[in-house]
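The first residue in the sequence is number 1, and the count goes up from there. We count ligands from 1, going down the list as the structure has it; atoms in each ligand are counted the same way.
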Amino acid sequence: MSRIRIFDTTLRDGEQSPGVNLNKMEKLEIAKQLEKLGVDVMEAGFPASSEGDFQAVKLIADTIKDVSVTALARTRKEDIDRAWEALKNTPTPRIHIFLATSPIHMEYKLKMTPEQVIQQSVDMVKYAKERFKEVEWSAEDATRSDWEFMAKIIEQVIDVGATVINLPDTVGYTTPDEYGRMFKYMKENVPNINKADLSCHCHNDLGLAAANTMAAIENGATQVEGTINGIGERAGNVALEEVAVALHIRSDRYSYETGLKLNEIKRTSDLIAKLSGMYVQANKAIIGRNAYAHEAGIHQDGVLKNAETYEIITPELVGVSSNTLFMGKHSGKHAFKDKIKEFGVEMTDDEIKATFKRFKELTDHKREVTDDDIYTLIMETKTEHSAVDKYTLDNFQVNYGTANITTATVSLKTPEGSTIQTAATGNGSVEALYKTIQELIDAELKLLDYQLNSVGGGKDALAESHVQLVVNGETVNGRGTAQDVIEASANAYINAVNRYLIKTQAVKEAEIVNG
Ligand code: KIV
Ligand code: ZN
């Protein structure tokens, strides 16, 4: 079995999905879970793109020890310097430099000649090599580039120290046969190709990302780049869980293996869906809700007689288990701490105390608290940012009836510590609630998106809401949970406003530090 290295870019390419906006604590929790999943490399962000991204990459690089942490950079000295600043404390830093090589990108986007693209790539790989042992160079839009030209540039960047060559299907345009032949061509036509790893990076615009990735592996790629749940720009990136499980299940056909702990897939997928607000479609391969459900009578009958009649993957393989019943009103702190240990989440005493309080509040309304509920509460505490005084929901009431005008009354605690209250009407409960909160908050607010989901099943399931708001011209996401759907909606809205406050405060602090 040859080893395929898994390069996870959920925190960089995945975070570029429209509507995804993770704060640094959320990114850190995802990074820790990716470490548990066993990825080989994680791309933590693009430090030169914003102060927030720089801080998040630095926090991850300062924390993660068992996975190589990388960051994206354009072929510019200032990007490479910024990436080094962010990555210098991680044991195995890697830089990922990219420059487009397709005629359309060179002519219209870069306004550079092919010779200039070669020169700039060579110069910047050389520059990066002064600091980084591991230098990855990507030919952006490789699948619409001239192969002969690419072979020439690849040879030169390897000569000056590139250790990984990535050939992305940036616009999701290629087909399995074509992508496979491109890797084979580079293996056969770049004289020094064995001095570097070849990497594939597929986008899913034509729904071919997984098939293209498999073709690249069969033709010499030793690294696969992708995201969990396939999140990413437009139609997304290849879903890493699909590639890893396909290699495992069809080991009769593919003599390649990854280092992923497959039974951590479900937890990783759930965490990313929860924190990004990008829920997984029910029929998604490997981790969709329906992936292990059998509806048709003939299928159910077959599965009862022998599961393998219709089930090629066991749910246990990827960590899908039936939601175990956990605790109730009388459960104590000891059992609660043991549960946290079982999840493998590190928590400070204060965090345990805050989560236990949330758990106790939940048991006032919910008789059977499940693992999913507990994990949701843990992540609420872990990703909460308390560095800024924020708005908090004091209390609210919504009167809704088919024959009434819906009215909401909301009382909020302001960042300054006072209590403010007002009432407003709306066409429905959520609209009335949001209009009332809008009147109380001193900012220009516009709701772009609203989602409501239940955590697990059952009539007393915890509700989880995601919103996207524009606050004073800036787009932010918010997330809230509660036993009641309206309260979860209120929490999500207020959470988005608080995230805006945290973000603006962080920017102000950075401006002071950077002069
Ligand atoms: O899709 C792409 O081309 C990328 C590069 C930056 C590697 O994400
Ligand atoms: Zn990409």
What does the N/O contact table under 3.5 Å look like for ligand 1?
residue: ligand 1; atom: 1 (O); partner: His201; partner atom: NE2; Å: 3.2
residue: ligand 1; atom: 1 (O); partner: His203; partner atom: NE2; Å: 3.0
residue: ligand 1; atom: 3 (O); partner: Thr170; partner atom: OG1; Å: 2.6
residue: ligand 1; atom: 8 (O); partner: Arg12; partner atom: NH1; Å: 3.4
residue: ligand 1; atom: 8 (O); partner: Arg12; partner atom: NH2; Å: 2.9
residue: ligand 1; atom: 8 (O); partner: Asp13; partner atom: OD2; Å: 3.1
residue: ligand 1; atom: 8 (O); partner: His201; partner atom: NE2; Å: 3.2

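Neither side chain, Thr175 nor Asp177, offers a donor N or O lying under 3.5 Å from an acceptor on the other. Checking Tyr450 against Ser465 by side-chain atom types alone, no donor-acceptor pair falls below 3.5 Å.
Classified by interplanar angle (parallel below 30°, tilted 30° to 60°, perpendicular above 60°), the ring pair His203/His201 is tilted.
Side chain of Gln451 to backbone of Gly277: a donor-acceptor contact under 3.5 angstrom is found.
Checked against the 6.0 Å centroid criterion, the rings of His466 and Tyr279 qualify as a close aromatic pair. Aromatic ring centres of His96 and Phe7: separated by under 6.0 Å.
We find the CG-OG1 distance between Leu448 and Thr475 to be 5.5 Å, quoted to the nearest 0.5 Å.
Screening the protein for N, O or S atoms under 2.8 Å from the Zn ion (ligand 2) yields 3; no waters enter the count.
For Arg74 and Phe98, the positive end is not near the middle of the six-membered ring at less than 6.0 Å and at most 45° from its axis.
In this structure, Arg82 pairs ionically with Glu51, as a charged nitrogen and a carboxylate oxygen lie closer than 4.0 Å.
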